[in-house]
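Notes to accompany the following structure.
Note that the structure is a prediction, hence the values are computed from the model and not measured. Residue indices begin at 1 and follow the sequence shown. All heavy atoms count here, side chains included; hydrogens, waters and symmetry mates do not.
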Amino acid sequence: MKSIMIICRDETDRYTLLKELANHDVRVFPTLDDALEVLSRLFFDAVFIDLVTLSGSFGSPHKGMKEVWKRRPSCEVVVLTPPDSVRLAVDAVRDGAADYLTAPVQPDELHLVMGHLFRSVELKTELGVQADDQWQEKTLDALQTQNPKMQALYEKVERVAGTRSTVLLTGETGTGKSFLARLIHQNSKRRGRQFISVHCGAIPEPLTESELFGHEKGAFTGAIKRKAGKFELAEGGTIFLDEIGTISHATQVKLLSVLQDREFQRVGGEETIPCNVRVIAATNEDLEDLVRKGQFRRDLFYRLNVFPIEVPPLREHREDIPQLATRFIQRSKPIGKEIHSIHPKVLDAFMRYDWPGNVRELENLVERACILETGFVLSPESVPQELFGEDRCPVSFQADTDMPLAEARQQAIDRFERMYLSQLLSTTRGSIAQTAEKAGITTRQLHKLMTRHGLKKEIFK
């Protein structure tokens with residue numbers, strides 16, 4: 001159940017929202033002034049507000065959004081707008097709103113927006129991710145490293161952050177390219193504007209141009225309304241194009257035009273839209289090799305490669321592993337554990353391991369270990385035994401003799417189940433069907449056990 005605030009003047013739209021959001025904790029407010037007073041005291045996951053109310057006594061949606069962010073920078077805002085004011089709603093999205101709905105509100109469209117909205121809220125809760133203002137507190141001085149390659153990398157980041165230059169981040173999967181992209185944005189003059197992240201490889205090819213540049217109503221089957229693309233939403237801010245090597249030749253041509261002319265057109269549209277967006281691209285592929293093979297445009301490569309930064313794999317800066325592992329343990333505190341240190345054998349195994357999945361693999365492994373750990377020290381029993389090689393640690397259970405035998409037995413069973421399922425999910429890379437088959441249970445039984453032990457398939461992928 002989510003906590004939701006509704007500020008809507010139209011009775012029909014208000015009724016639709018209340019009906020469709022009946023399973024959540026919903027509170028309705030007549031004016032923005034009334035809502036802001038409550039927003040300063042209470043937490044809400046999402047705020048639905050109509051465009052006129054958002055302007056309120058502040059004179060414009062932009063100023064209204066600023067007042068909302070002052071009270072509660074972490075909440076998600078959805079703007080309700082009449083069809084003839086969509087442009088103002090897009091401006092509100094640029095100012096930080098999560099999305100907009102055209103009035104009168106349609107249940108199907110509302111549920112679609114709610115799906116995206118609540119996945120974002122849940123992701124922030126599960127990973128302990130805070131609002132962008134916390135990113136602003138992270139300065140380059142806080143990124144301590146003794147590794148010369150990483151020191152040189154952070155120096156490059158510091159130099160390029162304050163410029164308008166296009167940045168190309170290269171390196172293996174999981175090395176932290178998205179972290180660096182956000183770090184560059186938050187240390188730039190654009191930090192007060194949107195940071196839009198786009199995983200190019202995850203977008204179906206027919207929809208890539210629409211996602212990046214938007215489309216007009218009727219541009220193609222299913223285009224039931226005008227949609228602003230990622231470049232339009234990022235106006236004045238930064239767009240991060242991850243896995244840039246996966247985009248098609250047609251999209252490459254349009255992206256090159258945007259970088260050269262600083263303008264674009266929506267799919268199916270004739271209006272030329274100016275584009276003031278900083279581009280940061282990332283890839284784990286060798287773009288120069290793709291250029292030689294004719295799979296990536298040479299002129300686009302040169303446009304993207306203005307300021308290249310190569311991110312080293314974790315095995316090349318092992319001295320950072322203890323600090324990174326400690327940071328990830330701190331980040332895992334929301335799951336309710338108080339783990340104060342790492343067992344020397346675990347730390348030694350971390351230092352010997354090659355980390356093919358790099359920093360992301362370390363983060364996922366530490367989060368998984370924190371779920372399994374029952375004590376105050378991250379112990380060898382809580383991490384995959386494969387890390388120890390031939391020096392595998394035997395699984396042992398510390399019996400609590402203050403407990404009755406039945407309770408102690410159940411505690412041992414629970415811990416074994418968590419460890420067994422964790423290792424099996426690691427083997428299957430989070431596949432529910434394969435894990436259930438190997439465990440000899442149904443997928444329904446597996447889901448119940450995973451819920452009981454706080455295991456999520458995403459951290460095993």
Query raised in the report: Any side-chain donor paired with an acceptor under 3.5 Å for Asn284 and Thr173?
Result: yes
Query raised in the report: Within the distance-only criterion (no hydrogens, no angle test), does the side chain of Asp50 pair as donor or acceptor with the backbone N or O of Leu80 below 3.5 angstrom?
Result: no
Query raised in the report: How far does CZ of Arg262 sit from CG of Leu259, to the nearest 0.5 angstrom?
Result: 6.5 Å
Query raised in the report: Run the salt bridge (charged side-chain N to carboxylate O under 4.0 Å, His left out) check on Asp10 and Arg14 step by step: do they pass?
Result: CA-CA 6 Å; Asp10 186 87; Arg14 191 164 59 244; over 6 Å; no
Requested in this report: Check for a donor-acceptor pair, side chain of Glu310 on one end and backbone N or O of Gly171 on the other, with a separation under 3.5 Å.
Outcome: no
Requested in this report: Could you tell me whether the side chain of Asp242 and the main chain of Ser197 form a donor-acceptor pair under 3.5 Å?
Outcome: no
Query - Salt-bridge contact Arg266-Glu232 (side-chain N to carboxylate O under 4.0 Å) - result: yes
Query raised in the report: Do the side chains of Thr175 and Val359 get nearer than 4.5 Å, heavy atoms only?
Result: no
Query raised in the report: Do Glu109 and Lys225 meet the salt-bridge criterion of a basic N to acidic O distance under 4.0 Å?
Result: yes
Query raised in the report: side chain to side chain donor-acceptor pair (under 3.5 Å) between Glu20 and Tyr15: does it pass, once the steps are laid out?
Result: CA-CA 9 Å; Glu20 299 301 325; Tyr15 173 80; over 6 Å; no
Report task. If the plane angle is over 60° it's perpendicular, under 30° parallel, otherwise tilted; pick one for Phe195 and His185. Result -> tilted
**Report entry** Short side-chain to backbone donor-acceptor contact, Thr81 and Ser85, under 3.5 Å
**Finding:** yes
Query raised in the report: Does any N or O in the side chain of Asp261 come within less than 3.5 Å of the main-chain N or O of Glu263, such that one atom is a donor and the other an acceptor?
Result: no
Requested in this report: Supply the atom-to-atom distance Glu158 CD to Ile184 CD1, rounded to the nearest 0.5 angstrom.
Outcome: 12.0 Å
Requested in this report: Examine the side chains of Thr251 and Glu209 and answer whether a donor and an acceptor come within less than 3.5 Å of each other.
Outcome: no
Requested in this report: Assess whether side chain to side chain contact (heavy atoms under 4.5 Å, CB included) is satisfied between Leu255 and Leu212, documenting all intermediate values.
Outcome: CA-CA 9 Å; Leu255 179 57; Leu212 292 178; 5.8 Å; no
Query raised in the report: Between Arg159 (side chain) and Tyr154 (backbone), is there a donor-acceptor pair under 3.5 Å?
Result: no
Query raised in the report: When you measure from the side chain of Asn305 to the backbone N and O of Phe301, does any donor-acceptor pair fall under 3.5 Å?
Result: no
Report summary line: One should read off an interatomic distance between Leu18 CG and His24 NE2, to the nearest 0.5 angstrom, of 12.5 Å
Report task. For the residue pair Leu54 and Met65, establish whether any side-chain heavy-atom pair is separated by less than 4.5 Å. Result -> yes
Query - Validation row: Val90, Val86 side chains within 4.5 angstrom (heavy atoms) - result: yes
Query raised in the report: Above 12 or not: heavy atoms from other molecules or residues under 6.0 Å from CZ of Arg164?
Result: no
Query raised in the report: Given the rule in the side chain to side chain contact (heavy atoms under 4.5 Å, CB included) test, do Gln252 and Leu256 qualify, once you have shown the distances and angles that lead to the verdict?
Result: CA-CA 6 Å; Gln252 290 176 35; Leu256 176 63; over 6 Å; no
Query raised in the report: What are the two closest heavy atoms between Val279 and Leu304, and how far apart are they?
Result: CG1-CD2, 4.3 Å
Query raised in the report: Closest approach of Leu241 and Cys200, non-hydrogen atoms and distance?
Result: CB-SG, 4.1 Å
Query raised in the report: With side chains defined as the heavy atoms from C-beta onward, is the minimum distance between Gln194 and Leu233 less than 4.5 Å?
Result: no
Query raised in the report: Is there a donor-acceptor pair closer than 3.5 Å between any side-chain N or O of Arg193 and the backbone N or O of Gly237?
Result: no
Query raised in the report: Ignoring hydrogens and geometry, is there a side-chain-to-backbone donor-acceptor pair from Trp355 to Phe350 under 3.5 Å?
Result: yes
Query raised in the report: Would you say the side-chain atoms of Arg278 pair up with the backbone N or O of Thr163, donor to acceptor, closer than 3.5 Å?
Result: yes
Query raised in the report: Should Leu110 and Phe48 count as side-chain neighbours, where that means a heavy-atom distance under 4.5 Å?
Result: yes
Requested in this report: Report yes if the side chains of His249 and Phe296 come closer than 4.5 Å at any heavy-atom pair, otherwise no.
Outcome: no
Report summary line: Interatomic distance, NZ@Lys177 vs CZ@Phe179, rounded to 0.5 Å, equals 13.5 Å
Report summary line: Residues Leu378 and Ala369: closest non-hydrogen pair is CD1-CB, 3.7 Å
Report task. Take Leu153 and Val311 through the test side chain to side chain contact (heavy atoms under 4.5 Å, CB included) and record every step on the way to the result. Result -> CA-CA 7 Å; Leu153 181 147; Val311 188; 4.1 Å; yes
Query raised in the report: Taking all atoms of both residues into account, what is the closest heavy-atom pair of Ala325 and Leu362, and its distance?
Result: N-CD2, 4.2 Å
Report summary line: One should read off an interatomic distance between Leu180 CG and Phe240 CZ, to the nearest 0.5 angstrom, of 8.5 Å
Query raised in the report: Between Arg315 and Glu172, is the closest basic N to carboxylate O distance under 4.0 Å?
Result: yes
**Report entry** CA sep, side-chain torsions, deciding dist, call: Val38, Phe29, side chain to side chain contact (heavy atoms under 4.5 Å, CB included)
**Finding:** CA-CA 9 Å; Val38 176; Phe29 296 86; 3.4 Å; yes
Query - Over 12 foreign heavy atoms within 6.0 Å of NZ, Lys230 - result: no
**Report entry** Side-chain heavy-atom pair Leu287, Leu168 within 4.5 angstrom cut-off
**Finding:** yes
Query raised in the report: Got a sec: does the CD of Gln260 have more than 12 other heavy atoms crowding it under 6.0 Å?
Result: yes
Query raised in the report: Does any non-hydrogen side-chain atom of Arg27 lie less than 4.5 Å from one of Ile4?
Result: no
Query raised in the report: In Å, rounded to the nearest 0.5 Å, how long is the span from CG of Leu290 to OG1 of Thr246?
Result: 10.0 Å
Query raised in the report: Side chains of Asp34 and Thr31: is there a donor and an acceptor less than 3.5 Å apart?
Result: yes
Requested in this report: Taking all non-hydrogen atoms of both residues into account, name the closest pair between Gln265 and Phe213 and its distance.
Outcome: O-CB, 4.0 Å
Query raised in the report: Does the pair Arg303/Asp299 count as a salt bridge with the N-to-O cut at 4.0 Å?
Result: no
Report summary line: Smallest heavy-atom separation, Pro104 atom then Asp13 atom, equals CA-OD1, 3.3 Å
Requested in this report: Decide whether Thr428 and Gln434 meet the rule of one side-chain donor and one side-chain acceptor closer than 3.5 Å.
Outcome: no
**Report entry** Residues Lys227 and Glu211 bridged, charged N to O under 4.0 Å
**Finding:** yes
